Amino acid sequence: MELKEAKKLAQAAISDGQRLTAAFDGGVHWFFSVGDSVADVVPGCSPIAIDKASGAASYPMPSIPSILTGQAPTAAEAEMEQAREVALA
């Protein structure tokens, strides 16, 4: 799945008043940061992930990052860490 299609799916999955502020190309997901009219990142709002194969939208990040709990990173956290930022065109 290309970024353009994933962006449309992500926009459809977020609430009114929210906007996509950044895009990241992961191994199996596109990740999108979510902001609102005040901030580029909404506190407590996990990046939205779009599965590149199925197009399914999800919020896979834990509510408390693993680095703060002393646990090993989840698969989504590890993928996001390795993802590269791309232009949100």
Side-chain angles (χ1 to χ4, degrees):
M1 171 179 305
E2 297 296 322
L3 174 61
K4 185 176 181 178
E5 185 179 356
K7 182 180 174 185
K8 287 180 185 177
L9 293 170
Q11 286 175 320
I14 61 176
S15 300
D16 289 342
Q18 292 184 326
R19 61 190 172 89
L20 303 178
T21 59
F24 302 87
D25 186 1
V28 295
H29 294 93
W30 289 102
F31 293 96
F32 295 92
S33 295
V34 179
D36 61 16
S37 62
V38 177
D40 282 345
V41 177
V42 176
C45 185
S46 172
I48 187 168
I50 303 295
D51 185 288
K52 290 181 177 180
S54 70
S58 64
Y59 293 90
M61 300 298 178
S63 58
I64 299 173
S66 298
I67 195 167
L68 296 178
T69 63
Q71 298 177 338
T74 65
E77 288 175 306
E79 183 184 357
M80 178 71 180
E81 183 70 28
Q82 297 299 315
R84 65 179 178 85
E85 188 169 4
V86 296
L88 187 61

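Just so we're clear, the structure is a prediction, and the values are computed from it rather than from any experiment.
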Quick check against the 3.5 Å criterion: does W30 have a side-chain atom that pairs as donor or acceptor with the backbone of M1?
yes
All side chain to side chain contact (heavy atoms under 4.5 Å, CB included) counterparts of T69, not counting sequence neighbours:
I64, S66, Q71
For residues 49-72, the salt bridge (charged side-chain N to carboxylate O under 4.0 Å, His left out) pairs (sequence neighbours left out) are D25-K52
The side-chain hydrogen bond (donor to acceptor under 3.5 Å, both in side chains) partners of T74 (sequence neighbours excluded) come to E77
Applying side chain to side chain contact (heavy atoms under 4.5 Å, CB included), name anything that partners A22, two or more places apart in sequence or on another chain.
F24, S33, E85
Any donor and acceptor pair, going by atom type alone, linking the side chain of E79 with main-chain N or O of G27 inside 3.5 Å?
yes
Can you list everything that forms a side chain to side chain contact (heavy atoms under 4.5 Å, CB included) with A23? Sequence neighbours excluded, please.
L3, F32, V86, L88
Cluster overlap I48 with M61, hydrophobic side-chain contacts below 4.5 Å
no
Might you point out which heavy atoms bring A76 and P60 nearest each other, and give the distance in Å?
CB-CB, 3.6 Å
Count the heavy atoms of every other residue, nucleotide or ligand shown that sit under 6.0 Å from CD of Q11, and state whether that count exceeds 12.
yes
Listed partners of K7 passing side-chain hydrogen bond (donor to acceptor under 3.5 Å, both in side chains), at least two apart
none
What residues form a side chain to side chain contact (heavy atoms under 4.5 Å, CB included) with Q82, not counting sequence neighbours?
none
Applying salt bridge (charged side-chain N to carboxylate O under 4.0 Å, His left out) as the test, list every pair that has at least one member in residues 65-75; sequence neighbours left out.
none
State the NE2-CD1 distance between H29 and I50, to the nearest 0.5 angstrom.
8.5 Å
Identify whether F31 and L9 are in the same connected component of the hydrophobic contact network (ILVMFWY, side-chain heavy atoms under 4.5 Å).
no
